[in-house]
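Chain identifiers are assigned alphabetically (A, B, ...) following the order of the sequence lines, protein sequences preceding nucleic acid strands; residue numbering begins at 1 within each chain.
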Amino acid sequence: MPMLIDTIDDQTARAACARQGNRPDGLIEILHDIQASAGFVSDAAIATLADALNLSRAEVLGVVSFYHDFKRQPGARHVLKLCRAEACQAAGGDAAAAEIERRLGALGVTEGDEPALEIRSVYCLGNCALSPAALLDETPIGRIDADRLMSELVAREIVEAEPQ
Amino acid sequence: MNTPPDRIFIPGDSAAISVGADQVADQLAAALPDTCRIIRNGSRGLFWLEPLVEIERDGERRGFGPVTPGDIADLVAAGFPDDHRLALGPVAAIPQLARQQRLIFARCGLNDPLDLDAWIATGGRAGLDTARALTPDAIIETVKTSGLRGRGGAGFPAGIKWETASKAKGDQTWLCCNADEGDSGTYADRLLMEGDPFTLIAGMCIAARAIGATGGLVYLRSEYPHAIRTLTAAIGIWCEAGLFAGLGDGDHFDIEVRTGAGAYICGEESSMLNSLEGKRGEVRAKPPIPAISGLFGQPTIVNNVLTLASVPWILEHGGEAYRDFGTGRSRGTQAFQLAGDIRHGALIELAFGVSLRTLIEDFGGGTRSGRPLRAVQVGGPLGAYLADADLDVAMDYEALAAIGGMLGHGGIVVFNDTVDMARQARFAMEFCTIESCGKCTPCRVGATRGREMLDKIIAGEAVADNLALIEDLCELMTDGSLCAMGGLTPMPVRSAIQRFPEDFTRQAAE
Ligand SMILES: Cc1cc2nc3c(=O)[nH]c(=O)nc-3n(C[C@H](O)[C@H](O)[C@H](O)COP(=O)(O)O)c2cc1C
Ligand code: SF4
Ligand code: FES
């Protein structure tokens with residue numbers, strides 16, 4: 001589970017670089033590594049990476065900003081990826097996503113400084129025969145509907161039960 | 001009462017897990033005696049039956065599914081009887097499986113995907129063993145004879161690509177497996193990596209021997225955490241067993257898994273190479289082609305997972321035997337993937353040439369909702385929308401191209417009569433705005449303009465004028481884009497307008 005900390009310790013970033021032999025071609029893996037421990041890629045991390053890999057900060061930032069996976073701000077403790085691509089659209093995914101967003105919004109868990117949950121739209125999770133599909137952190141959930149997803153979130157104590 | 005089964009199988013595949021396979025496995029473990037082995041196999045790809053529990057007695061496997069955790073107590077107490085409401089009979093005889101021609105997926109779902117001994121016992125290694133006894137040139141000849149074409153979408157002949165790379169000069173030669181599988185409606189690469197990773201590794205080893213590769217990389221999308229774990233573990237087991245020995249250049253070859261970072265464009269091979277170099281995933285201009293100058297400027301083969309996983313069968317049985325499957329210039333088998341509003345969503349591996357109708361109606365059982373089918377998108381987000389009248393098309397590269405479509409990676413997404421095709425066309429443009437690498441104007445700016453035009457059409461504003469503008473824009477994007485992202489986005493848009501014009505003029509008419 002990604003942990004939230006305010007600043008990235010220089011050592012964490014250096015260790016991530018060292019694990020890839022300080023090679024610039026390992027940058028994507030390094031960024032995944034940093035994000036897994038810190039939850040996002042901070043300015044301090046970018047400075048350290050640039051130094052350790054012998055790249056400019058602009059180069060590192062250019063890479064970070066290119067990929068949808070990398071976040072520049074602290075994120076939520078849990079990420080719910082909802083597939084919004086065609087096979088999930090064809091199985092009613094848009095309506096399910098809208099209702100999930102509405103109900104989570106009503107619970108107030110997707111907003112604030114340290115939200116419990118972030119909803120992200122993704123385009124195909126490779127579970128298109130059991131669509132609509134979702135990925136809650138690393139747990140795949142197929143044939144989602146709002147009720148099923150909400151009870152899953154409650155069961156995992158990610159959100160509290162909705163008021164009746 | 002029946003005796004307890006010898007072995008019982010419940011998939012560890014992520015699709016099966018997405019509908020409760022882990023909970024079913026827990027219940028089984030609690031309810032069965034310790035003498036009964038529970039094996040987490042790969043999925044057979046018959047997803048509407050997941051979680052599919054298989055009971056093995058006297059070497060025969062009988063299926064039950066879809067099983068919920070609540071069914072287990074009852075099933076175990078009754079001894080998994082043949083007359084249970086979830087009983088499916090012998091798994092190998094389930095019609096949608098029995099009627100397939102599984103070459104690539106022959107072993108997927110049979111065993112624990114990480115059980116190397118079981119994989120070898122079922123003959124998995126035969127293709128690689130044959131390749132070890134052949135010269136690199138002879139391997140390439142065999143692949144050329146087979147007629148194998150790339151399964152990632154472009155359909156380029158694999159043998160010719162390998163030959164080019166093997167002759168190209170460089171200090172290193174790279175083998176990159178494209179496991180980015182970004183196309184909506186496709187999951188075949190994932191199913192194989194989670195269900196039979198050794199077959200992919202064997203295919204990569206054969207390719208490495210053919211081209212004298214110094215290193216192998218698999219670019220695997222981050223959306224597939226299970227596949228990343230399974231494939232990484234499988235590579236470790238393969239290495240431990242010494243199976244990398246004697247391959248590639250200077251007898252040294254190994255495979256590393258690299259994780260993508262959520263960019264669809266990184267499935268395009270030159271963008272993928274930039275990403276593998278740690279850079280922004282921008283598309284590179286061609287020439288040079290990667291086979292001449294690819295990763296770090298060295299000769300590089302990029303092949304899709306299924307292209308590489310087809311190779312062990314070809315080496316084992318010969319190029320001619322493979323070429324006997326299929327039709328015209330589409331040879332061998334294709335993994336068709338049924339998705340969307342479909343009753344029996346499944347991976348169907350069959351020789352090229354089967355009709356789309358057979359796949360959707362006979363194998364897929366029509367829509368899951370029970371509503372009439374209205375549109376089918378074949379070939380991922382850049383593929384054409386087809387109508388019911390098109391369903392008799394033969395599923396091969398040329399026949400699909402002849403009706404303005406493409407096979408892509410083999411995804412088939414079924415939509416029912418509630419679909420609004422103007423919204424689907426708009427989504428195609430929107431997807432391109434989200435995923436464009438931004439390198440060329442027709443795609444970067446064109447897609448945004450296209451989405452705006454479709455918004456106007458949907459709102460009923462100057463519909464005829466905007467439809468004319470969209471047509472011009474589509475022509476510009478098709479002709480002027482650097483890669484197929486911008487170049488093919490017009491395909492779903494135009495096909496939707498051509499086949500379902502009423503959806504684009506409805507607002508104006510009202
Ligand atoms: C926008 C775009 C996305 C692509 N995505 C993939 C993909 O996810 N997987 C893949 O194998 N090929 C993909 N391709 C095709 C690759 O560029 C390339 O043709 C393929 O990996 C070559 O391998 P093959 O000859 O075995 O098919 C994509 C192409 C484009 C233009
Ligand atoms: S067509 Fe789009 S994705 Fe392809 S190179 Fe141009 S901007 Fe990039
Ligand atoms: S389109 Fe949603 S999982 Fe593939």
Inset, instruction - Heavy-atom distances under 4.5 Å only: say whether B:D183 touches chain A with side chain, backbone, both or neither. - result: backbone
Legend entry - Toward chain A, the part of B:V257 with a non-hydrogen atom under 4.5 Å: backbone
Legend entry - Residues, nucleotides or ligands: over 12 heavy atoms within 6.0 Å of B:R258 CZ: yes
Inset, instruction - Identify which part of B:L276 has an atom lying under 4.5 Å from any heavy atom of chain A, answering side chain, backbone, both or neither. - result: backbone
Legend entry - Donor-acceptor side-chain pairing of B:E268 and B:S270 below 3.5 angstrom: yes
Inset, instruction - Report the C-alpha separation of B:Q377 and B:Q424 in whole Å, then their side-chain angles, then the decisive distance to 0.1 Å, and conclude whether the side chain to side chain donor-acceptor pair (under 3.5 Å) test is met. - result: CA-CA 10 Å; B:Q377 189 177 31; B:Q424 296 309 121; 5.8 Å; no
Inset, instruction - Could you check A:R103 against A:D147 for salt bridge (charged side-chain N to carboxylate O under 4.0 Å, His left out), going step by step and ending with a plain yes or no? - result: CA-CA 10 Å; A:R103 283 164 69 172; A:D147 287 339; 2.9 Å; yes
Inset, instruction - Select, from A:L53, A:L130, A:I144, A:T139, the one with the greatest count of heavy-atom pairs under 4.5 Å involving chain B. - result: A:L130
Legend entry - Which atoms of B:T186 approach chain A - backbone, side chain, both or neither, heavy atom under 4.5 Å: backbone
Legend entry - Contacting moiety of B:T418, where chain A heavy atoms sit under 4.5 Å: neither
Legend entry - Between B:H409 and B:E181: side-chain donor-acceptor atoms closer than 3.5 Å: yes
Legend entry - Sub-6.0 Å ring centroid separation between A:F70 and A:F40: no
Inset, instruction - Mind telling me whether B:F427 and A:Y123 have parallel, tilted or perpendicular rings, with 30° and 60° as the class edges? - result: tilted
Legend entry - Heavy-atom contact with chain B under 4.5 Å, split by part of A:R84: backbone
Inset, instruction - Select, from A:H68, A:R23, A:E86, the one with the greatest count of heavy-atom pairs under 4.5 Å involving chain B. - result: A:E86
Legend entry - B:R368 versus chain A, the contacting section by heavy-atom distance below 4.5 Å: side chain
Legend entry - Validation row, ring centre B:F47 to ring centre B:Y187 under 6.0 Å: yes
Legend entry - Heavy-atom pairs under 4.5 Å with chain B, option from A:K81, A:R148, A:H32 with the top count: A:H32
Inset, instruction - Counting only heavy atoms closer than 4.5 Å, note whether B:I434 contacts chain A via side chain, backbone, both or neither. - result: both
Inset, instruction - Using only heavy-atom distances, determine whether the side chains of B:R284 and B:N274 contain a donor-acceptor pair under 3.5 Å. - result: yes
Legend entry - Contact class of B:C437 relative to chain A, heavy atoms under 4.5 angstrom: both
Inset, instruction - Under 4.5 Å heavy-atom distance to chain A, tell me which part of B:H226 shows up: side chain, backbone, both or neither. - result: side chain
Legend entry - Portion of A:E29 that has a non-hydrogen atom of chain B nearer than 4.5 angstrom: side chain
Legend entry - Side-chain donor-acceptor contact under 3.5 Å, B:T367 with B:N416: no
Legend entry - Intermediate values then yes/no, side chain to side chain donor-acceptor pair (under 3.5 Å), B:S14 and B:R190: CA-CA 9 Å; B:S14 60; B:R190 183 194 60 70; 3.2 Å; yes
Legend entry - Engaged part of A:V63 at the chain B interface, taking heavy atoms whose separation is under 4.5 Å: both
Inset, instruction - Counting only heavy atoms closer than 4.5 Å, note whether B:R229 contacts chain A via side chain, backbone, both or neither. - result: side chain
Legend entry - Region of B:Y264 that comes under 4.5 Å of a non-hydrogen atom in chain A: neither
Inset, instruction - Could you check which of B:G182, B:S222, B:S275, B:A263 has the highest count of heavy-atom pairs closer than 4.5 Å to chain A? - result: B:S275
Legend entry - B:N178 side chain to B:N304 side chain, donor-acceptor N/O pair below 3.5 angstrom: no
Legend entry - Among the listed options B:G411, B:A346, B:P225, the residue most often paired with chain A at heavy-atom distances under 4.5 Å: B:P225
Legend entry - Per-residue contact mode, B:A188 against chain A (heavy atom under 4.5 angstrom): neither
